[in-house]
Amino acid sequence: MPELPEVETMVRGLRPVVEGRKIEKFLRCRCRCKPISASPTFPTISKKVRGCKITAVRRIAKRVVLDLDNDHSMVIEPRMTGLMLLTDPPDTEHLRFEWKLAGRGATKSFWFWDRRGLGTLSLLSSAEIQTKLGPAKLGPDALLMTVNEWGKMCEKTSRPIKVAMMVQKFVAGIGNLYASEILHRAKIHPETPAKSLKKKHTAKLQKFTLEILTEAIRYEGSTLGDGTYRNALNEAGGYQNAHRVYARAGKVCTSCQQTEILRIVQCQRSTFYCPACQPPV
DNA sequence: ATTAATGTTCAGAA
DNA sequence: TTTCTGAACATTAA
């Protein structure tokens with residue numbers, strides 16, 4: 001589920017409550033679902049983080065990173081349905097992990113909740129973060145990517161631009177939903193080979209990626225029809241009301257007010273676009 | 001019963 | 001060798 005804006009919202013929600021406090025205990029919640037994959041194993045992680053202070057909460061691409069005072073970080077990848085919660089969860093049967101915090105008087109907990117259970121947890125040293133989540137594995141963060149970097153990325157692949165935008169090694173943070181939204185705002189057809197895009201196109205990609213993701217963060221992300229995505233206080237996001245194309249197949253385009261939004265499939269994922277506003281190149 | 005769902009990874013094909 | 005596609009992961013809801 002979560003793409004960059006949703007993960008950024010989780011991080012911003014967690015940060016003021018969690019930063020500077022100590023992990024009294026890190027627990028696996030009892031639920032009968034298959035356990036979340038963890039590396040190293042959960043017991044090892046649990047032992048190593050007990051008593052550590054959380055020095056910072058940050059985002060790397062679509063991951064939540066909890067920096068500890070022992071030169072390691074807990075990295076949570078929410079994938080499709082994972083949530084970081086400071087309050088009561090949508091249901092208790094998909095709670096996965098609980099962090100019990102000490103300090104500042106009362107004990108406080110926060111949780112990882114994941115319905116489908118595709119999320120992951122890992123404990124990485126700062127060196128491992130460099131190798132596993134560094135420039136060798138991830139492209140520039142979508143919010144920081146320059147026009148020049150967009151140009152370089154598009155030069156080196158002939159894949160359709162929508163597909164290329166979702167390759168985290170090219171640009172980190174964009175997923176299926178925001179890729180469609182960005183291309184619509186940039187008026188670029190999703191099947192255009194990245195290689196054939198000119199400077200004026202890559203300039204638009206930079207501009208509207210920044211604009212849309214920033215706006216989505218301001219709205220605290222997108223909560224789709226199934227209602228899964230929630231911020232740290234279990235509240236729905238608001239950006240879904242601003243979507244121009246995502247999940248709007250068959251509806252009239254809000255830009256041209258004439259043409260119906262189409263749905264196509266690229267790499268097993270739905271793409272939505274307006275054939276009038278985004279004509280083939 | 002079938003299908004699709006905001007993500008990533010891996011095997012095998014091109 | 002590199003690049004790319006489809007299946008798999010686990011669960012739910014329409």
Side-chain angles (χ1 to χ4, degrees), chain A residues 1-10 31-39 59-64 75-84 89-96 112-122 132-133 136-139 142 153-183 191 193-195 209 212-213 215-217 219-231 236-250 263-272:
Chain A
M1 164 206 297
E3 301 181 30
L4 185 152
E6 290 77 26
V7 178
E8 181 63 28
T9 302
M10 294 177 190
C31 72
R32 32 179 139 213
C33 318
K34 282 213 164 168
I36 295 290
S37 94
S39 83
R59 176 182 62 77
I60 296 182
K62 300 177 190 171
R63 296 160 180 84
V64 175
V75 178
I76 299 100
E77 227 186 309
R79 300 251 177 127
M80 294 293 261
T81 51
L83 301 177
M84 299 299 296
D91 65 55
T92 49
E93 85 210 53
H94 298 101
L95 277 177
R96 309 293 182 150
F112 179 62
W113 179 95
D114 190 352
R115 193 178 45 180
R116 284 170 72 177
L118 298 175
T120 65
L121 167 75
S122 47
K132 295 186 179 177
L133 302 178
K137 294 287 174 74
L138 294 172
M153 157 187 158
C154 289
E155 266 172 29
K156 69 185 176 198
T157 180
S158 54
R159 301 179 84 172
I161 182 59
K162 152 67 162 50
V163 175
M165 288 168 79
M166 293 177 59
V167 176
Q168 301 300 298
K169 208 173 172 168
F170 292 162
V171 47
I174 299 174
N176 200 43
L177 190 166
Y178 292 102
S180 283
E181 291 296 325
I182 292 164
L183 288 173
E191 290 177 302
K195 221 177 250 183
T209 295
I212 287 188
L213 296 182
E215 205 178 327
I217 291 170
Y219 282 84
E220 306 212 322
S222 301
T223 298
L224 299 184
D226 70 356
T228 302
Y229 171 69
R230 304 272 147 172
N231 69 12
Y239 194 68
Q240 63 282 359
N241 300 317
H243 292 174
R244 316 271 178 110
V245 288
Y246 188 81
R248 297 193 71 252
R263 171 187 181 268
I264 59 173
V265 174
Q266 296 177 288
C267 280
Q268 311 166 281
R269 312 298 301 275
S270 294
T271 301
F272 300 89

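Residue numbering restarts at 1 for every chain, and letters A, B, ... go by the order of the sequence lines.
The separation between A:Lys137 atom NZ and B:dT8 atom P is 14 Å, rounded to whole Å. If you measure from atom OH of A:Tyr229 to atom P of B:dG7, you get 13 Å, rounded to the nearest angstrom. Note: CG (A:Leu224) to C1' (B:dA4) measures 12 Å, nearest angstrom. Straight-line distance from the CG atom of A:Leu118 to the P atom of B:dG7: 11 Å, rounded to whole Å. Between A:Arg263 atom CZ and B:dA5 atom C1' the separation is 11 Å, expressed in whole Å. In this structure, A:Asp114 places its CG atom 18 Å from P of B:dA5, rounding to the nearest Å. Rounding to whole angstrom units, CZ of residue A:Arg79 and C1' of C:dA10 are separated by 12 Å. Rounded to an integer number of Å, the gap from A:Arg269 CZ to C:dT5 C1' is 14 Å.
To the nearest 0.5 Å, atoms NZ (A:Lys62) and CD1 (A:Ile174) are separated by 8.5 Å. Separating the OH atom in A:Tyr178 from the CG atom in A:Leu4 is a distance of 9.0 Å, to the nearest 0.5 Å. Note that the CE atom of A:Met165 and the CZ atom of A:Arg159 stand 13.5 Å from one another [nearest 0.5 Å]. The line from CZ of A:Arg244 to CD1 of A:Ile212 is 7.0 Å long, rounded to the nearest 0.5 Å. Between the OG atom of A:Ser39 and the CG atom of A:Leu121 there is a distance of 7.5 Å, given to the nearest 0.5 Å.
Of the N and O atoms on the side chains of A:Glu3 and A:Tyr229, not one donor lies less than 3.5 Å from an acceptor on the other residue.
Side chains of A:His94 and A:Cys31 form no contact here, defined as non-hydrogen atoms less than 4.5 Å apart. Considering only heavy atoms from C-beta on, A:Trp113 comes within 4.5 Å of A:Thr228 through its side chain. The shortest distance between side-chain heavy atoms of A:Leu118 and A:Thr81 does not fall below 4.5 Å. Counting heavy atoms from C-beta on, the side chains of A:Thr271 and A:Met166 never come closer than 4.5 Å.
Residue contacts for A:Ser37: at a heavy-atom cut-off of 4.0 Å it reaches no nucleic acid atom on any strand shown. Among the atoms of the strands shown, only primed sugar atoms or phosphate atoms (P, OP1, OP2) are found under 4.0 Å from some heavy atom of A:Ser270.
Closest contact between the side chain of A:Lys34 and the listed nucleotides B:dA4, B:dT8, C:dT11 involves C:dT11. Distances were taken from every side-chain heavy atom of A:Glu77 (C-beta onward) to each of C:dA7, B:dG7, B:dT8; the shortest belongs to B:dT8.
For A:Phe272, the ring pair (Phe, Tyr, Trp, His ring centres under 6.0 Å) partners at least two apart in sequence or on another chain are A:Tyr246.
Note on A:Thr81: every side-chain N or O is 4.0 Å or more away from OP1 and OP2 of C:dA10. Taking only side-chain nitrogens and oxygens, A:His94 comes nearer than 4.0 Å to OP1 or OP2 of C:dT12. Remark: A:Arg116 is not in phosphate contact with C:dC9, judged by side-chain N or O atoms under 4.0 Å from OP1 or OP2. Within the structure, a side-chain polar atom (N or O) of A:Thr157 is placed less than 4.0 Å from OP1 or OP2 of C:dC4. Contact annotation: A:Arg159 side-chain N/O to C:dT5 OP1/OP2 distance is under 4.0 Å.
A residue-by-residue look at A:Arg96 and A:Gly225 shows that A:Arg96 has its nearest nucleotide of DNA chain C further toward the 5' end. The 5' end of DNA chain B is approached more closely, in terms of each residue's nearest nucleotide, by A:Arg115 than by the other of A:Arg115 and A:Gln168. Mapping A:Ser158 and A:Cys33 onto DNA chain C via the closest heavy atom, the residue that lands nearer the 5' end is A:Ser158.
Using P as the reference atom, B:dT8 and C:dT12 are 22 Å apart when rounded to the nearest Å.
For DNA chain B, each stem of at least three Watson-Crick or G-U pairs (distances under 3.5 Å) is given as range with range: B:2-5 with C:11-14, B:7-14 with C:2-9.
Residues of residues 169-182 of chain A that place a heavy atom closer than 4.0 Å to DNA chain B, in numerical order, are A:Gly175, A:Asn176, A:Leu177.
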